[in-house]
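One-based numbering along the sequence shown. Fair warning: this is a prediction, and the values are worked out from it, not measured in the lab.
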Amino acid sequence: MRLRRLPETGQAMVEFAALLPVLLLILLGIFEFARAYYYSSAIINAAWEGARYGVTNPNDTQGIRDAAINLAWALNLTNDNIVITCPDGNCTTVDNRLTVTVGYSFEAVVPLVPSFPMTGVATMRIQSVP
């Protein structure tokens, strides 16, 4: 008498159900890392754009902030996120340095990833003073 093997139809489903949470966690981690990288790049570029505007208009602090905010519009930055500094507070001298610092708190979508601060800093030499 020959023994017949029973079909193993449920084995693949059980293995898939066991691995699905791990695979989803890895996939969400990849998405969160990509978002954090994009936000970091946007913050750095916003600081550079603010500094680029500021080297020709160093006394227009609102214009510097607007240039940075308009570049990183997806992050919903406010004036409080942007700090403009010059050595000794003197932004009226040519060849002095202007520093624009953009701060942002990254909020993750995945609950396992903690929130953390991001900072973009750009320093450029003042070209002209109006």
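A donor-acceptor pair under 3.5 Å is formed between the side chain of Asp60 and the backbone N or O of Gly63. Checked by atom type and distance alone, the side chain of Glu32 pairs as donor or acceptor with a backbone atom of Val109 at under 3.5 Å. Asn81 places no side-chain N or O within 3.5 Å of a backbone atom of Val102 that could act as its donor or acceptor partner. Looking at Thr56, its side chain does come within 3.5 Å of a backbone N or O of Tyr53 through a donor-acceptor pair.
For Arg35, the CZ atom is densely surrounded, since the number of other residues' heavy atoms within 6.0 Å is greater than 12.
Here Ile69 contributes atom CD1 and Asn76 contributes atom CG; the two are 10.0 Å apart, rounded to the nearest 0.5 Å. Atom-to-atom distance recorded for Met118:CE and Ile44:CD1 is 9.0 Å, nearest 0.5 angstrom. Rounded to the nearest 0.5 Å, atoms CD1 (Ile82) and CD (Gln62) are 8.5 Å apart.
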Inset, instruction - Check the pair Asn45 / Glu49 against side chain to side chain donor-acceptor pair (under 3.5 Å), numbers first and verdict last. - result: CA-CA 6 Å; Asn45 288 337; Glu49 188 66 25; over 6 Å; no

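Here the shortest heavy-atom pairing between Leu77 and Ala72 reads CD1-CB, 3.8 Å. When all heavy atoms of Pro58 and Ile64 are compared, the closest pair comes out as O-CD1, 4.2 Å. For the residue pair Ile84 and Thr61, the shortest heavy atom distance occurs at CD1-O, 3.6 Å. Nearest approach of Ala51 to Ala122, heavy atoms of both residues: CB-CB, 3.9 Å. Here the closest heavy-atom approach between residue Ile43 and residue Leu75 is recorded as CG1-CD2, 3.5 Å. The minimum heavy-atom distance linking Leu98 with Cys86 is given by the pair CD1-SG, 3.5 Å.
Using the six-membered ring where Trp is involved, Phe116 and Phe106 have ring planes that are tilted, between 30° and 60° apart.
Cluster annotation: Phe16 is connected to Leu24 through the hydrophobic network of ILVMFWY side chains, with a link wherever side-chain heavy atoms come within less than 4.5 Å. Linking ILVMFWY side-chain heavy atoms closer than 4.5 Å, directly or via other members, places Phe33 and Leu28 in two distinct hydrophobic clusters. In this structure, Val22 is a member of the same hydrophobic cluster as Ile30, with clusters built from ILVMFWY side-chain heavy atoms closer than 4.5 Å. No single ILVMFWY cluster, assembled from side-chain heavy atoms under 4.5 Å apart, contains both Tyr39 and Leu71.
In this structure Thr99 satisfies the side chain to side chain donor-acceptor pair (under 3.5 Å) test together with Thr123, sequence neighbours excluded.
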